[in-house]
Protein chains: 2
Amino acid sequence: MENKRELFQVLTRRFGLLNKNCCSIGSVDISTVQSHIIYEIDKQHAPSMQQVADTLAMDITTFSRQIQKLVKMELVKKTPSEQDKRIYILSLTVQGKFVATSIDQSMNAYLDEVFSHMNEFERETVIRSIELLNKAMSKSHVCCSPMC
Amino acid sequence: MENKRELFQVLTRRFGLLNKNCCSIGSVDISTVQSHIIYEIDKQHAPSMQQVADTLAMDITTFSRQIQKLVKMELVKKTPSEQDKRIYILSLTVQGKFVATSIDQSMNAYLDEVFSHMNEFERETVIRSIELLNKAMSKSHVCCSPMC
DNA sequence: AATATTATTTGCAATATGCAAGTATCTAGC
DNA sequence: GCTAGATACTTGCATATTGCAAATAATATT
């Protein structure tokens, strides 16, 4: 049986995660980190800075600066919370929504293409296994995963 | 069934790939990219710069600079090839070998801990599925995978 | 021998990162 | 009600990283 670590090494590099840039939407370059931020803002309902940074396990200062960048790029909007003036609620602009959708589509297209090399049973097995893996990792007591 | 993209998003962030730094071995901080370079040098037999950069799908100039850094850190050694003076063969120093082993151990320990949350059948299924996924991705005709 | 190609490095300009410290707001305790 | 402590986020600081374009040296092709 194949060495476990090798499998995850190959997976990481095939995801393109060793390069800073992720995708170009129109003339905008989006990095991996930005892509994840945009995705999470889109997914959560009216999330605060801290919520998104915690979800992504990112350093808050780096996160704050990335948000600044995304605001400048007009992809993200920050709105002070009514209940607590320290808290900012994040949302996507129309442009941000467009970028999120574009990334989503190209990722799903890629996944569909990859899965097209498998039969139906294999597809379901792989999906279920990733679910299983994600769940097992969420149960891990190790505070930060050294899986890079 | 769970959205495919969501599964891979969660997987990426659980691997800790959204943070630059990967691990600390003694007083040395190793980034994700460096970790992959060290791993690949350790794995291949007398690899050249280009071979490793190609394997990792990294830009050669960024790669060259990372190697310079690893040489300065005394983890990697560059030796001109006898057959072709343009080519440099990469190898790990004793220190580099130690760092590679340390990373390997902590990754395998983590994986063992994660897999301990599964039964034997689930373990084998997950392993097989990652193999399948890696293979399917290698067959993909998409030149660069937008999976960030 | 001259020219084209290749392996790697460097110039350049821009961008990213995380620890420490700062600012404004909220909460807890008196 | 007031104040000290805690919290959410930002900024200072110093350093690190990235990728396109160009350069240099070695090899291959004509």
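Just so it is clear: chains get the letters A, B, ... in the order the sequence lines come, proteins before strands, and each one is counted from 1.
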Both A:L18 and A:M49 contact DNA chain D. Which one's nearest nucleotide lies toward the 5' end?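 Nearer the 5' end of the strand: A:M49.
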
Flag if over 12 foreign heavy atoms under 6.0 Å of CZ, A:F98: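 Counting neighbours around CZ of A:F98, 12 or fewer heavy atoms of other residues, nucleotides or ligands fall under 6.0 Å, so no.
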
B:D29 CG - D:dT15 P separation (whole Å):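 For the pair B:D29 CG and D:dT15 P, the rounded distance is 15 Å.
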
With a 3.5 Å cut-off and no angle check, do the side chains of B:E74 and B:T93 form a donor-acceptor pair?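 No, no side-chain donor-acceptor pair sits under 3.5 Å.
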
Integer-rounded Å distance: D:dC9 P and A:Q50 CD: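 After rounding, the gap between these two atoms is 5 Å.
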
Less than 4.5 Å apart, any side-chain heavy atom of B:T101 and any of B:L92?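 They are not in contact (no side-chain heavy atoms under 4.5 Å apart), so the answer is no.
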
Where the side chain of A:N19 is defined as all heavy atoms beyond and including C-beta, which of C:dT8, D:dC9, D:dG19 is the nearest nucleotide?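 The answer is D:dG19, which lies nearest to the side chain.
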
Side-chain H-bond candidate by donor/acceptor type, B:S31 with B:N21, under 3.5 Å: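 Note: B:S31 and B:N21 side chains miss the donor-acceptor criterion.
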
Residue-level proximity of residues 53-69 of chain A to DNA chain C when a heavy atom falls under 4.0 Å: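 Residues of residues 53-69 of chain A that come under 4.0 Å of DNA chain C are, in numerical order, A:D59, A:T61, A:T62, A:R65, A:Q66, A:K69.
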
Less than 4.5 Å apart, any side-chain heavy atom of A:T32 and any of A:F15?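 Result no, sub-4.5 Å side-chain heavy-atom pair not found.
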
Can you measure B:N21 atom CG to C:dA16 atom P for me and round it to whole angstrom units?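 Computing the B:N21:CG to C:dA16:P distance gives 17 Å.
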
Would you tell me whether A:S81 and A:Q83 have side-chain atoms, one donor and one acceptor, within less than 3.5 Å of each other?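 Per modelled atom types, A:S81 and A:Q83 side chains form a pair under 3.5 Å.
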
Quick check: do B:L90 and B:L70 have side-chain heavy atoms less than 4.5 Å from each other?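 No, too far: nothing below the 4.5 Å cut-off.
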
Once you round it to whole Å, what is the distance between P of C:dT15 and NZ of B:K20?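 That distance rounds to 17 Å.
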
Grab the OH-P distance between A:Y88 and C:dA24 for me, whole Å please.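 A:Y88 atom OH is separated from C:dA24 atom P by 11 Å.
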
Nearest nucleotide by nearest heavy atom, which residue falls closer to the 5' end of DNA chain C, A:V33 or B:I87?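 Result of the comparison: B:I87.
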
Polar-atom pairs under 3.5 Å, protein N or O versus N or O of nucleotides 26-30 of chain D: list them with distances, or write none.
unit_1: D:dA26; atom_1: N3; unit_2: B:R86; atom_2: NH1; d: 3.4
unit_1: D:dT27; atom_1: OP1; unit_2: B:K85; atom_2: N; d: 2.8

Partner of B:Y39 by side-chain hydrogen bond (donor to acceptor under 3.5 Å, both in side chains), out of A:E6, A:Q9, A:R5: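 Considering A:E6, A:Q9, A:R5, a side-chain hydrogen bond (donor to acceptor under 3.5 Å, both in side chains) with B:Y39 is found only for A:E6.
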
Which whole-number value in Å describes the distance from A:I37 CD1 to C:dA16 P?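 A:I37 atom CD1 is separated from C:dA16 atom P by 10 Å.
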
So B:M107 and B:S35, do their side chains get closer than 4.5 Å, heavy atoms only?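 Counting from C-beta outward, B:S35 and B:M107 do come under 4.5 Å.
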
